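Residue numbers begin at 1 in each chain, while the letters A, B, ... track the order of the sequences. We use all heavy atoms of the structure for the numbers below, so side chains are in, but hydrogens, waters and symmetry mates are not. Because the structure is predicted, anything quoted here is derived from the model rather than measured.
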Amino acid sequence: MQKIYEELAWRGLIHQCTDDEFIPQWLNEGCRTVYVGFDPTADSLHVGSLMPLLYLRRFQKAGHRPIALVGGATGMIGDPSGKSQERNLLSVEQLEANVQGIRSQMQSILDFDCGESSAVLLNNFDWMKSFSYLDFLRDIGKNFPVNVMMTKDSVKGRLERTDAGLSYTEFSYMLLQAYDFVHLYDQYDCHLQVGGSDQWGNITAGIDLGRRMYSAQLYGITCPLLTKSDGSKMGKTESGTIWLSADRTSPYDFYQYWYNVADDDAGKCLRFLTDLNREEIQALDSSRESEPQKRESQTRLAEELTMLVHGSAGLDAAKRAKEVLFGAEINDLSDNDLAQIFADVPSCSFNRDVLGGDGLSLSDAMVDAGLAKSKSEARRTLKQGGAYINNQRVTDLDRMLSESDLASETTIVLRSGKKKYALLRFQ
RNA sequence: GGGGGGUUUCCCGAGCGGUCAAAGGGGUCAGACUGUAAAUCUGAUGGCAGUGCCUUCGCAGGUUCGAAUCCUGCACCCCCCA
């Protein structure tokens, strides 16, 4: 058994713990079952769920059994923790689709077939769907004093707001999560629940319920939330959420996100999200201190995480795209290479004939490709030196495109500004 | 019900008969610098067949050689007195 608790502690992954005397030794004694809940609000996990997922992974690597609980039932209700407003409810069909998507993503991070510590994936909808309202009130609700519920931060915070209410539905959320914990204790011998620091109230509610219903002693650990040094959430950019699904966020964008993490956040990310050991991380810390421009931390972070989430093929593609996108002139590449590198770049097609004769005007092409909203805008960009053909700057306002501009068999790569690309295909 | 103020280009906000595609700021977009960072600096910012033409200043009319600017009506907003 690896000393998992000590490992979590030096990484800074322990925010609160219901019993920091007992839990470390209890974990060292044998294979324990630990669970984390995931919200099925979308059909893909995002960077925000990466941390709890990796938490489970650490437990698994230390010889414990992780349970990933997808909240098909709780997702129908909505957790008021950390939310300032009443949530919109998801439809049953939508939830089912989301659960499917999440399931497949988890398989690359957790091992579902390794003996006694094999990961288990459960959906609480399976045991909640047939639980009748009356039975639930009698068996579960009876154990929850309302005055205690009212003191939970998640509830208190919402009641204090004058601009947002709290429905009875959301108020009841903690009963469901508490019952999940007890159910897992009962069915899977799970004694430990882990969650983000905003889950403390829900976790302790489960522990209380376990004591009342089964006289069981359950435990909880919370981890810090992954936030940036400016206080904002990790995993969001101007253009949206960074997802784990390659369909929603390309491996290249995923890689770039981590590569661009601020120096102040890099140390935390390395500790929280990678398996690098203490010495390696400290070496990166000092590298960041003495030669920040080398960005060894960010490079390592991006490589580790892209590898983990998208595999070696995804990492290779991301690195290749990086070289081209930030590199020199593009030429002597095949259509195939370009299609891969610029997988999620907009493109537009033309008849090859337009390249003959006088050719196609660059400013028109920029408009067609969506790099400029109007021809005036295209000319403006051109005039200011922000237009590139195959990564070579062009300043001639009347530049025409011809066959000789093709970077591959049928494609010309246009760029506006630093990173806005578009492909022109000539069939 | 009485009195007053407002509606401007993506946003805020000047303009109050021609020199107004309309000051200034924000935002955005380019460029320089740089570590694919932050900050900073520079430029651009209605459209088009680009020294010119066309469409914009709540909406519809009118006065005038000429209106975002004046008049009339309409719509919406705000404020003060009842």
Mind checking if [X] touches a base, just sugar-phosphate, or nothing, with heavy atoms under 4.0 Å?
{"X": "A:Arg288", "answer": "nothing"}
{"X": "A:Ser376", "answer": "base"}
{"X": "A:Tyr388", "answer": "sugar-phosphate"}
{"X": "A:Gln256", "answer": "base"}
{"X": "A:Glu291", "answer": "nothing"}
{"X": "A:Arg295", "answer": "base"}
{"X": "A:Asp364", "answer": "nothing"}

> Nearest 0.5 Å, what's the CD1-OG distance between A:Ile102 and A:Ser245?
Replying inline: 11.0 Å
> CE/A:Met174 to CG/A:Asn202 distance, rounded to the nearest 0.5 angstrom?
Replying inline: 6.5 Å
> Under a criterion of less than 4.0 angstrom to any heavy atom of chain A, what are the 5'-terminal and 3'-terminal contacting nucleotides of RNA chain B?
Replying inline: B:rA30 to B:rG50
Any donor-acceptor pair under 3.5 Å from [X] side chain to [Y] backbone:
{"X": "A:Asn98", "Y": "A:Asp43", "result": "yes"}
{"X": "A:His64", "Y": "A:Phe59", "result": "no"}
{"X": "A:Thr151", "Y": "A:Val148", "result": "yes"}

Using the [atom1] atom in both, what is the distance from [N] to [M], to the nearest Å?
{"N": "B:rC41", "M": "B:rU8", "atom1": "P", "answer": "30 Å"}
{"N": "B:rC33", "M": "B:rA23", "atom1": "C1'", "answer": "30 Å"}
{"N": "B:rC70", "M": "B:rG2", "atom1": "P", "answer": "25 Å"}
{"N": "B:rG15", "M": "B:rG5", "atom1": "P", "answer": "15 Å"}
{"N": "B:rC57", "M": "B:rC16", "atom1": "C1'", "answer": "12 Å"}
{"N": "B:rC65", "M": "B:rC76", "atom1": "C1'", "answer": "35 Å"}
{"N": "B:rC79", "M": "B:rU28", "atom1": "C1'", "answer": "35 Å"}
{"N": "B:rG17", "M": "B:rU7", "atom1": "P", "answer": "16 Å"}

> With ring centroids as reference points, do A:Phe254 and A:Trp243 lie under 6.0 angstrom apart?
Replying inline: no
> Would you say the side chain of A:Leu424 lies within less than 4.5 Å of the side chain of A:Asp368, judging by non-hydrogen atoms?
Replying inline: no
>> Both A:Lys418 and A:Tyr252 contact RNA chain B. Taking the nearest nucleotide for each, which residue is further toward the 5' end?
In response: A:Lys418
> Between A:Asp263 and A:Ser374, which is nearer to the 5' end of RNA chain B once each is assigned its nearest nucleotide?
Replying inline: A:Asp263
> If you draw a 6.0 Å radius around CD in A:Gln427, do more than 12 non-hydrogen atoms from other residues or ligands fall strictly inside?
Replying inline: yes
> For RNA chain B, what are the stems built from at least three Watson-Crick or G-U pairs in a row, each pair having both distances below 3.5 Å?
Replying inline: B:1-7 with B:75-81, B:10-12 with B:24-26, B:27-32 with B:40-45, B:46-48 with B:52-54, B:58-62 with B:70-74
> Is A:Arg352 positioned over the aromatic face of A:Phe426, cation under 6.0 angstrom from the ring centre and no more than 45 degrees off axis?
Replying inline: no
>> For residues 60-69 of chain A, which residue pairs pass the salt bridge (charged side-chain N to carboxylate O under 4.0 Å, His left out) check, not counting sequence neighbours?
In response: A:Lys61-A:Asp275
